[in-house]
Amino acid sequence: QVQLAESGGGSVQVGGSLRLSCSASGSTYNSNPCMGWFRQGPGKQREGIATIYTYGGRTYYADSVKGRFTISRDNANNTVYLQINDLSPEDSGMYYCAAYPGYCLPTIDADRYTVWGQGTQVTVSS
């Protein structure tokens with residue numbers, strides 16, 4: 001079973017940046033699965049943000065974060081990153097990484113993801 005652990009969240013001011021990390025550990029049912037980032041703000045539904053293919057670096061983003069967020073991965077270290085820039089209060093929330101095995105698709109549909117981390121909190125203040 002893969003375990004995912006997010007880190008890097010915190011409190012920042014408007015316009016600030018953060019780099020979130022998601023480390024995968026444990027016995028893997030599939031080495032370097034497809035990975036994605038999600039978030040859930042206060043009183044909001046969970047929102048898919050970005051996904052990255054296992055190999056080749058192909059990425060896909062939600063329209064709400066295009067141009068400000070960048071997903072990347074380091075397969076050698078089983079880590080996925082999310083660089084988030086130009087933050088606004090609307091970006092506040094719990095950020096989760098998630099994974100699924102097999103053939104990667106350009107999807108941030110949460111139903112496809114089978115393993116989830118506990119989340120890391122991002123708070124943006126003005």
Side-chain angles (χ1 to χ4, degrees):
Q1 181 69 25
V2 175
Q3 291 88 42
L4 303 177
E6 303 92 338
S7 62
S11 297
V12 297
Q13 293 189 326
V14 170
S17 299
L18 286 171
R19 190 192 195 200
L20 309 183
S21 299
C22 172
S23 297
S25 62
S27 60
T28 55
Y29 55 82
N30 181 22
S31 299
N32 295 313
C34 311
M35 301 291 295
W37 283 96
F38 296 77
R39 69 182 178 186
Q40 187 166 15
K44 298 181 180 179
Q45 291 187 334
R46 182 172 52 190
E47 174 190 16
I49 300 172
T51 186
I52 185 166
Y53 282 29
T54 303
Y55 302 107
R58 182 175 177 180
T59 58
Y60 177 81
Y61 296 92
D63 289 341
S64 59
V65 304
K66 282 181 181 177
R68 297 191 299 122
F69 290 18
T70 302
I71 188 172
S72 60
R73 66 189 296 164
D74 178 354
N75 288 340
N77 291 303
N78 297 321
T79 303
V80 176
Y81 304 98
L82 185 69
Q83 177 69 40
I84 50 180
N85 300 324
D86 192 22
L87 285 160
S88 71
E90 289 70 33
D91 294 314
S92 295
M94 190 69 77
Y95 283 67
Y96 302 90
C97 69
Y100 66 93
Y103 186 75
C104 293
L105 294 171
T107 178
I108 42 177
D109 180 353
D111 289 340
R112 188 165 187 89
Y113 292 76
T114 56
V115 180
W116 292 79
Q118 293 299 308
T120 186
Q121 179 69 38
V122 172
T123 302
V124 185
S125 59
S126 56

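- Side-chain atoms of Thr107 do not come within 3.5 Å of backbone N or O of Leu105 as any donor-acceptor pair.
- Within the model, atoms CG of Leu18 and CD1 of Ile84 stand 4.5 Å from one another, a figure rounded to the nearest 0.5 Å.
- Residue Tyr113 comes nearest to Cys34 through the heavy atom pair CE2-O, 4.5 Å, listed as atom of the first residue, atom of the second, then distance.
- Under the 30°/60° scheme for interplanar angles, the aromatic rings of Phe38 and Trp116 are found to be tilted.
- Residues Ala110 and Arg46 come closest through the heavy atom pair CB-NH2, 3.7 Å.
- By the salt bridge (Lys or Arg N to Asp or Glu O under 4.0 Å) test, Arg68 is found to be paired with Asp91, residues two or more places apart in sequence or in another chain being considered.
- One finds the OG1 atom of Thr70 at 10.5 Å from the CZ atom of Arg19 (value rounded to the nearest 0.5 Å).
- For the pair Val12 and Leu87, the tightest heavy-atom approach, listed with the atom from each and the gap, is CG2-CD1, 3.5 Å.
- At most 12 heavy atoms of other shown residues, nucleotides or ligands fall within 6.0 angstrom of atom OH in Tyr60.
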* To do: Please lay out, stage by stage, how Ser17 and Asn85 fare under the test side chain to side chain contact (heavy atoms under 4.5 Å, CB included).
  => CA-CA 4 Å; Ser17 299; Asn85 300 324; 3.0 Å; yes
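- Taking hydrophobic clusters as Ile, Leu, Val, Met, Phe, Trp and Tyr residues chained together by side-chain heavy-atom distances below 4.5 Å, Tyr81 does not share a cluster with Leu4.
- Taking a 6.0 Å sphere around CD of Gln83, one finds it holds more than 12 heavy atoms contributed by other residues, nucleotides or ligands.
- From Glu90, atom CD reaches atom OG of Ser64 across 11.0 Å, with rounding to the nearest 0.5 Å.
- With rounding to the nearest 0.5 Å, the separation of CG in Leu82 from OH in Tyr96 is 14.5 Å.
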Stepwise side chain to side chain contact (heavy atoms under 4.5 Å, CB included) check, Arg39 with Val65
CA-CA 11 Å; Arg39 69 182 178 186; Val65 304; 4.0 Å; yes
Go through the steps for Val2 and Asn78 under the test side chain to side chain contact (heavy atoms under 4.5 Å, CB included), then give the verdict. CA-CA 11 Å; Val2 175; Asn78 297 321; over 6 Å; no
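- When side chains are defined from C-beta on, Cys97 does not count as touching Val80, because their heavy atoms never get closer than 4.5 Å.
- Across Pro42 and Ser92, no two heavy atoms sit closer than the pair CD-O, 3.9 Å.
- Pro101 and Thr114 get closest at one heavy-atom pair: CD-OG1, 3.7 Å.
- Taken from CD in Gln3 to CD in Gln118, the straight-line distance is 10.5 Å, to the nearest 0.5 Å.
- Every residue two or more places apart in sequence or in another chain was checked for a ring-ring contact (aromatic ring centres under 6.0 Å, His included) with Tyr61, and none qualifies.
- The backbone N or O of Thr120 sits nowhere less than 3.5 Å from a side-chain atom of Glu6 that would complete a donor-acceptor pair.
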Working for ring pair (Phe, Tyr, Trp, His ring centres under 6.0 Å), residues Trp37 and Phe69: CA-CA 10 Å; Trp37 283 96; Phe69 290 18; 9.8 Å; no
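- To the nearest 0.5 Å, atoms CE (Met35) and OH (Tyr100) are separated by 11.0 Å.
- A donor-acceptor pair is defined here as one N or O able to donate and one able to accept, closer than 3.5 Å; no such pair exists between the side chain of Thr79 and the backbone of Ser23.
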- request: Could you walk me through whether Thr54 and Arg73 pass side chain to side chain contact (heavy atoms under 4.5 Å, CB included), step by step?
  value: CA-CA 8 Å; Thr54 303; Arg73 66 189 296 164; 4.0 Å; yes
